[in-house]
Number of protein chains: 2
Amino acid sequence: MIRIILAEDQAMVRGALVTLLGLEDDIEVVGEAASGPEAVAVARKTEPDVALLDVEMPGGDGITAAEEIRRVLPGCRVVILTTFGRPGYLRRAMEAGAAAFLVKDSPARELAAAVRRVRAGERVIDPGLAAAALSAGPNPLSGRERDVLAAAADGSTIADIALRLHLSEGTVRNYLSSAIGKTRTRNRVEAVRHAQAQGWL
Amino acid sequence: MIRIILAEDQAMVRGALVTLLGLEDDIEVVGEAASGPEAVAVARKTEPDVALLDVEMPGGDGITAAEEIRRVLPGCRVVILTTFGRPGYLRRAMEAGAAAFLVKDSPARELAAAVRRVRAGERVIDPGLAAAALSAGPNPLSGRERDVLAAAADGSTIADIALRLHLSEGTVRNYLSSAIGKTRTRNRVEAVRHAQAQGWL
DNA sequence: CCTGGGGCATGACAAATGTCAGCGTGAAGG
DNA sequence: CCTTCACGCTGACATTTGTCATGCCCCAGG
């Protein structure tokens, strides 16, 4: 019997996935969570063999949760589940010690299969995605550039960002400019979109 | 036996929801689709009692599909399923003749319940969401303002938009300006975000 | 010890953006 | 018939944004 927990914010898909996995003879869902921190707590309590974690969750993403779970329960394998197959996500997931990386538009049966293979010590990664992640190279943005770009994502003006990050407006402009350069885009908005698509934020 | 079809782009959650619904004694899933147009085609072929349609799908959204299905199969009830409980979505769904509107973060059991209630002639709408949709009022943007704002969403410059929509740059600026005014925001990006959050695009 | 990079700041300049006041059309409604 | 509103355009103006050069501090690597 493989004991697993599942973290996913949308209750309806969480419920559906839980029943789906519950139908498998060799899998037992011993816990559920709706956020990253909750997942860590549940993992602590239930000590599962495998943790399925969604990346996109409000209040702490799945990758951060993965790191913590790996630290607290080194024996627990982590499967990262995501809507978006972004290269940067994959990279970060691997660095966080994940054993598998699944995108939600692969068929449903893959999920149980991945759980079994991971339990058996294998790693499960989509080959095309792996290639994309490698060819894309690592995140070229410096820490501060990331901060500023992230702060710009919601349509904030330079003045807003400067205030929020305690920087001068000129500095914010400089960071944005260099981020635009590194993403090889034409303006803030494109830079933000590109960085998000690469999973750099 | 209630015959239903399900349209949802993410294969994994589609599969999970299908098995979930398949477990119900009185429900039979007779078709699946991964896009709006495909949903219409499947509905035509299978003539289901109820069609479950996701709003967010690439290549034709669920609400447009709902309209067409209602036209082709007046006896078929439509349930709209969505990740985001945006007031504008609800409004458009109702105008398209939907019988139910569910957000994916309500519990999984709601789904089968909604199918049954809809089949029985009831309408299923989250009360809080209905209130929000009413209090928010209708979409204040004119057709062209919507077009221009939508075209601006990807970070396009004024010149890009003008070219794409065959307008003068000044005209584009004017539409953007009035959209910014109507959304009571400070710039393009905020206007786009606000309009999207309201389901106006 | 020197160099390169990240971090932070100026100031100056060019380009893009946002605002306003107009002006004309045509379609819809009182 | 007159008004209103969406649509499309112009020109002028102020503000914001993006770019570039330059300077400083600190730290790590060769």
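We name chains A, B, ... by the order of the sequence lines, and we start the count at 1 in each one.
Although no hydrogens or angles enter the test, the distance criterion places a donor-acceptor pair under 3.5 Å between the side chain of A/Asn139 and the main chain of A/Trp200. The main-chain N or O of B/Thr46 is found under 3.5 Å from a side-chain atom of B/Arg3 such that the two form a donor-acceptor pair. Checking side-chain atoms of B/Thr82 against main-chain N and O of B/Gly85 turns up no donor-acceptor pair under 3.5 Å. Between the side chain of A/Arg119 and the backbone N or O of A/Ala114, no donor-acceptor pair lies under 3.5 Å.
The nearest whole Å value for the distance from the CZ atom in B/Arg184 to the P atom in C/dG18 is 19 Å. Rounded to an integer number of Å, the gap from CG of B/Asn187 to C1' of C/dA16 is 13 Å. In this structure, A/Leu141 places its CG atom 16 Å from P of C/dG5, rounding to the nearest Å. Whole-Å rounding puts the B/Ile158 CD1 to D/dT17 P distance at 14 Å.
Nucleic acid contact for B/Arg188: sugar-phosphate only, since backbone atoms but no base atoms lie under 4.0 Å from a heavy atom of the residue.
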Show which side-chain atoms of residues 101-108 of chain B pair as donor or acceptor with protein atoms under 3.5 Å away, not counting sequence neighbours.
| residue | atom | partner | partner atom | Å |
| --- | --- | --- | --- | --- |
| B/Lys104 | NZ | B/Glu8 | OE1 | 2.9 |
| B/Lys104 | NZ | B/Asp54 | OD2 | 3.4 |
| B/Ser106 | OG | B/Val103 | O | 2.6 |

Would you list the atom pairs, donor with acceptor, under 3.5 Å between side chains in residues 27-40 of chain B and any protein atom, with sequence neighbours excluded?
| residue | atom | partner | partner atom | Å |
| --- | --- | --- | --- | --- |
| B/Glu32 | OE1 | B/Arg14 | NE | 3.0 |
| B/Ser35 | OG | B/Glu38 | N | 3.3 |
| B/Glu38 | OE1 | B/Ala34 | N | 3.1 |

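Listed pair A/Ser177 / D/dT19 meets the phosphate criterion, a side-chain N or O lying under 4.0 Å from OP1 or OP2.
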For each nucleotide in nucleotides 3-13 of chain D, reading 5' to 3', give B when a protein heavy atom comes within less than 4.0 Å of its base, S when such contact involves only the sugar-phosphate, and - otherwise.
-> ---SBBBB-B-
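In this structure, B/Arg92 fails the cation-pi test against B/Tyr89, since its NZ or CZ atom is not both closer than 6.0 Å to the six-membered ring centre and inside 45 degrees of the ring normal.
One side chain, A/Arg164 or A/Ser156, offers a donor N or O that lies under 3.5 Å from an acceptor on the other. In this model, a donor atom of one side chain and an acceptor atom of the other lie less than 3.5 Å apart for B/Thr64 and B/Asp61. Judged by distance alone, the side chains of A/Glu190 and A/Thr183 never bring a donor and an acceptor atom under 3.5 Å apart.
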Pull out every protein N or O sitting under 3.5 Å from an N or O of nucleotides 24-30 of chain D, one pair per line with the distance.
none

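You'll find the side chain of A/Asp49 stays beyond 4.5 Å of the side chain of A/Val115, heavy atoms only.
Axis angle across the helix from C/dC1-D/dG30 to C/dG30-D/dC1, with five pairs used at each end and values rounded to 10°: 30°.
Residues from residues 193-201 of chain B placing a heavy atom under 4.0 Å of any atom in DNA chain C do not occur.
A/Ala191 and A/Ile180 get closest at one heavy-atom pair: CB-CG1, 4.0 Å.
Across B/Leu17, B/Leu6, B/Leu53, a single residue satisfies side-chain contact (heavy atoms from CB on, under 4.5 Å) together with B/Leu81, and that is B/Leu17.
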